[in-house]
Amino acid sequence: MMPLERATGDADTRRARIAATIRDDVRALGTYAVAKADSWIKLDAMENPYRLPADLAAEVGAAVARVAINRYPDGEGSAVQAALRASLGLSPRAALMLGNGSDEIIQVVTAAVAAPDATIVAPDPSFVMYRRNALFARTRFEAVPLREDFSLDLPAMLETIERSRPALVWLAYPNNPTGNLFDGAGVERIVQAAPGLVAVDEAYYAFADGTFLPRVLDFPNLVVVRTVSKIGMAGLRLGYAVGHPDWIAQFDKVRPPYNVNALTQAVLPVLLAHADTFARQAAAIRSERARLAAALARLRGVRVFASQTNFVLVRVPAADAWFAALRDARILVKNLHGAHPLLAQCLRITVGTPEENDALLDVLQRLRDAPG
Ligand code: PMP
């Protein structure tokens, strides 16, 4: 066997090549961390905690067995599109584009607008991939701070739009990582003021009281982006954009031709035919969210922010210590302390099953009761 490094010279040469080849801003960037937590209580990634019922899992197995894996998938994902249209009651005048998760939709939409003189705007803090994709596409990104209570600073948004004339504005509706739903009238003002495209990202629509999907064709510059990840299908990697066919046709040119794999395409229509199962789970998660939020609010020194998502943002007395105590109990949440000044001492807790939430509350209660 060859030694891993034949000589230190090889490593030096490689490092020099990388430094001369990979962009400075990419080398300087941290990796988007995906935590591994096998057999832990996983409350960090906004997954639905419920697995498929056994009969549905068997149906999925049969659908997968029928797939011609030797063939490329349908480029447009026609069966998935038809199933989504039916389940969303989509207007026949609206068009759809599918993505490998809404992560890919964000990448495609960014690439379609990116240009040396283009600007992308989003409130801050919000979903980090808006900024990262702008950076990858070498496009200027302007982050407009939210208010202390995480509501939109509408005058600041409108001033930024007026000054920088952005090609694209991202609005997560509801917002991640804060969990709140921005004021709908404010969003509408932004859509009206924006000279370019406004993408309303409704990843958490199933847990929210507002949506722009029925109004997507009411404006000349609106697309709505969604995902099936948060409703119980994160493993399938399927996101979608809804908008006027003229917008979607442009994005479709940028999309890789076979971006949604054949197994996902076979499984999704089967699952969407059981939309009632997922709707029941979403309702259970919403009511569990209320119970979890109320119990967290009873802990001394904890502030719970209102949530329209499947997670709850809390400000605690010592986020690093609380995160560590949970980790020691093999419970994983997201520590946002240090991510943004407005998120100081904040943890983001995904709503789990009642048992998982109880385990989390148990650890936190003992932490609060501990002397000192
Ligand atoms: N948008 C928002 C606001 C999100 O929070 C996330 C996931 N954290 C995504 C998009 C991406 O989701 P996915 O790629 O699983 O569809």
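Whatever order the structure lists ligands and atoms in, that order sets their numbers, starting from 1.
For the 3.5 Å distance criterion, the side chains of Arg226 and Thr211 qualify, holding a donor opposite an acceptor.
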Identify the protein atoms, limited to N or O, that lie within less than 3.5 Å of an N or O atom of ligand 1, and list each pair with its distance to 0.1 Å.
{"unit_1": "ligand 1", "atom_1": "1 (N)", "unit_2": "Asp201", "atom_2": "OD1", "d": "3.4"}
{"unit_1": "ligand 1", "atom_1": "1 (N)", "unit_2": "Asp201", "atom_2": "OD2", "d": "2.6"}
{"unit_1": "ligand 1", "atom_1": "5 (O)", "unit_2": "Asn176", "atom_2": "ND2", "d": "2.8"}
{"unit_1": "ligand 1", "atom_1": "5 (O)", "unit_2": "Tyr204", "atom_2": "OH", "d": "2.6"}
{"unit_1": "ligand 1", "atom_1": "8 (N)", "unit_2": "Lys230", "atom_2": "NZ", "d": "3.2"}
{"unit_1": "ligand 1", "atom_1": "12 (O)", "unit_2": "Ser102", "atom_2": "OG", "d": "3.2"}
{"unit_1": "ligand 1", "atom_1": "14 (O)", "unit_2": "Ser102", "atom_2": "N", "d": "3.2"}
{"unit_1": "ligand 1", "atom_1": "14 (O)", "unit_2": "Asp103", "atom_2": "N", "d": "3.0"}
{"unit_1": "ligand 1", "atom_1": "14 (O)", "unit_2": "Asp103", "atom_2": "OD2", "d": "3.3"}
{"unit_1": "ligand 1", "atom_1": "14 (O)", "unit_2": "Arg237", "atom_2": "NH2", "d": "2.8"}
{"unit_1": "ligand 1", "atom_1": "15 (O)", "unit_2": "Ser229", "atom_2": "OG", "d": "2.6"}
{"unit_1": "ligand 1", "atom_1": "15 (O)", "unit_2": "Arg237", "atom_2": "NH1", "d": "2.7"}
{"unit_1": "ligand 1", "atom_1": "16 (O)", "unit_2": "Ser102", "atom_2": "N", "d": "2.7"}
{"unit_1": "ligand 1", "atom_1": "16 (O)", "unit_2": "Ser102", "atom_2": "OG", "d": "2.7"}
{"unit_1": "ligand 1", "atom_1": "16 (O)", "unit_2": "Thr227", "atom_2": "OG1", "d": "2.6"}
{"unit_1": "ligand 1", "atom_1": "16 (O)", "unit_2": "Ser229", "atom_2": "OG", "d": "3.4"}

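Not a single salt bridge (charged side-chain N to carboxylate O under 4.0 Å, His left out) links Arg132 to another residue, sequence neighbours left out. In this structure, the salt bridge (charged side-chain N to carboxylate O under 4.0 Å, His left out) partners of Arg291, at least two apart in sequence or on a different chain, are Glu288, Asp358. With sequence neighbours left out, Arg66 forms a side chain to side chain contact (heavy atoms under 4.5 Å, CB included) with Ala62, Ala63.
Although no hydrogens or angles enter the test, the distance criterion places no donor-acceptor pair under 3.5 Å between the side chain of Arg85 and the main chain of Pro92. Between the side chain of Arg27 and the backbone N or O of Ile22, at least one donor-acceptor pair lies under 3.5 Å.
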